[in-house]
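A quick note: this is a predicted structure, and the numbers were derived from the prediction, not measured.
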Amino acid sequence: MIDQEKIKKAVALLLEGMGEDPGREGLEETPDRVARMYGEIFFGMDADAAEPLGKVFTVKDSEMVLEKDIVFYSMCEHHMMPFYGKAHIAYIPDGKVLGLSKLARTVEIYARRLQLQERMTGQIADAVVEHLSPRGVMVVLEAEHMCMTMRGVKKPGSRTVSMAVRGVFEENAGLQERFFQMLKL
């Protein structure tokens, strides 16, 4: 659970550490604003993917389902700076499909935490496997990390791509190829 009072104190100390006066006009409400913002940005810390992934429908089809271009915003746990991009998730149903918004909600739950992109990719794949039991899942995240574009090497526009494959996607290169072809549509 997010502790708003601790965040307010920490932000005031941070401002002081930067040489600012947390009581000056323009900054006096900043600790409160940041605490509220962190409550919004990090709502995934207290959320469970079981909730959105619990809404399924029975089907006879077993063709690939792809939800692509799911925009997400997250915070890198190393520098506490944003990274943002798109998630692409495919699964092969085994008698059940998800409601259309459920994959996007699952991405949001994992993105709204202090995160590593590589971990987040696997968490999304594992949650879909755990709650839907599909024949296979493939997740690709592509993101720009502000810790690389705004500081350090300063390379704006560079993108990190991570992938997680489970089930039949691991064993079948043809399914992986079809996934990438569908991304181009």
Side-chain angles (χ1 to χ4, degrees), residues 1-2 38-78 81-148 157-185:
M1 170 153 293
I2 292 182
Y38 276 9
E40 179 181 340
I41 288 176
F42 296 117
F43 86 84
M45 302 289 287
D46 299 319
D48 185 353
E51 188 274 319
L53 293 175
K55 185 66 174 169
V56 297
F57 303 96
T58 304
V59 295
K60 292 181 183 175
D61 268 352
S62 61
E63 291 297 318
M64 185 186 309
V65 175
L66 170 64
E67 186 83 23
K68 65 181 188 174
D69 298 329
I70 303 168
V71 175
F72 69 87
Y73 300 90
S74 192
M75 293 286 275
C76 163
E77 67 183 35
H78 293 150
M81 292 188 75
F83 67 95
Y84 57 92
K86 293 180 180 178
H88 315 288
I89 307 169
Y91 66 95
I92 308 291
D94 192 13
K96 298 182 285 185
V97 294
L98 291 164
L100 289 177
S101 67
K102 304 315 178 195
L103 290 174
R105 291 183 194 281
T106 301
V107 169
E108 278 298 296
I109 286 170
Y110 290 109
R112 297 303 185 122
R113 301 173 177 186
L114 285 176
Q115 206 40 290
L116 294 176
Q117 179 177 334
E118 300 87 344
R119 180 189 313 124
M120 182 175 146
T121 307
Q123 286 173 328
I124 293 166
D126 292 340
V128 173
V129 167
E130 179 183 346
H131 297 287
L132 187 62
S133 301
R135 293 179 41 231
V137 175
M138 187 162 171
V139 177
V140 171
L141 300 185
E142 50 181 303
E144 184 166 342
H145 292 249
M146 296 304 290
C147 59
M148 280 197 45
S158 63
R159 309 218 15 112
T160 300
V161 178
S162 54
M163 181 171 75
V165 292
R166 306 289 188 265
V168 295
F169 281 100
E170 292 177 282
E171 308 146 9
N172 189 328
L175 280 176
Q176 290 185 26
E177 179 60 30
R178 195 160 83 191
F179 171 90
F180 288 114
Q181 289 300 318
M182 289 173 71
L183 284 182
K184 295 177 185 178
L185 296 176

TODO: Evaluate the criterion side chain to side chain donor-acceptor pair (under 3.5 Å) for residue pair Thr160 and Gln117; output intermediate values, then yes/no.
DONE: CA-CA 8 Å; Thr160 300; Gln117 179 177 334; 4.5 Å; no
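A donor-acceptor distance shorter than 3.5 angstrom exists from the side chain of Glu144 to the backbone of Gly157, with no hydrogens or angles considered.
Taking both residues in full, the closest heavy atoms of Arg166 and Ala125 are given as CG-CB, 4.0 Å, listed atom of the first, atom of the second, then distance. Closest non-hydrogen pair, Gln123 versus Arg113, comes out as NE2-NH1, 4.4 Å. When all heavy atoms are compared, the tightest approach of Val129 to Pro134 is CA-CD, 3.8 Å. Across Gly39 and Ile2, no two heavy atoms sit closer than the pair CA-CD1, 3.8 Å. The nearest pair of heavy atoms linking Ile92 to Ser62 is CG2-O, 3.3 Å. Residues Leu141 and Phe72 share a closest heavy-atom pair of CD2-CE2, 4.1 Å.
To the nearest 0.5 angstrom, Leu183 atom CG is 12.5 Å from Arg178 atom CZ. Separation of atoms CE (Met45) and CG (Leu114) is listed at 5.5 Å; rounding is to 0.5 Å. Remark: Met75 CE to Arg112 CZ distance equals 10.5 Å, nearest 0.5 Å. Distance check: Leu53 CG to Glu51 CD gives 9.0 Å after rounding to the nearest 0.5 Å. Atom CZ of residue Arg105 and atom CD1 of residue Ile70 lie 12.0 Å apart, to the nearest 0.5 angstrom. Note that CZ of Arg135 is 9.5 Å distant from CG of Asn172, once rounded to the nearest 0.5 Å.
Between Arg119 and Glu77 a salt bridge is recorded (basic side-chain N to carboxylate O distance below 4.0 Å).
Under the 3.5 Å distance criterion, with hydrogens and angles disregarded, no donor-acceptor pair is assigned to the side chains of Ser74 and Gln115.
Between His145 and Phe83, the angle of the ring planes stays under 30°, which puts this pair in the parallel group of the 30/60° scheme.
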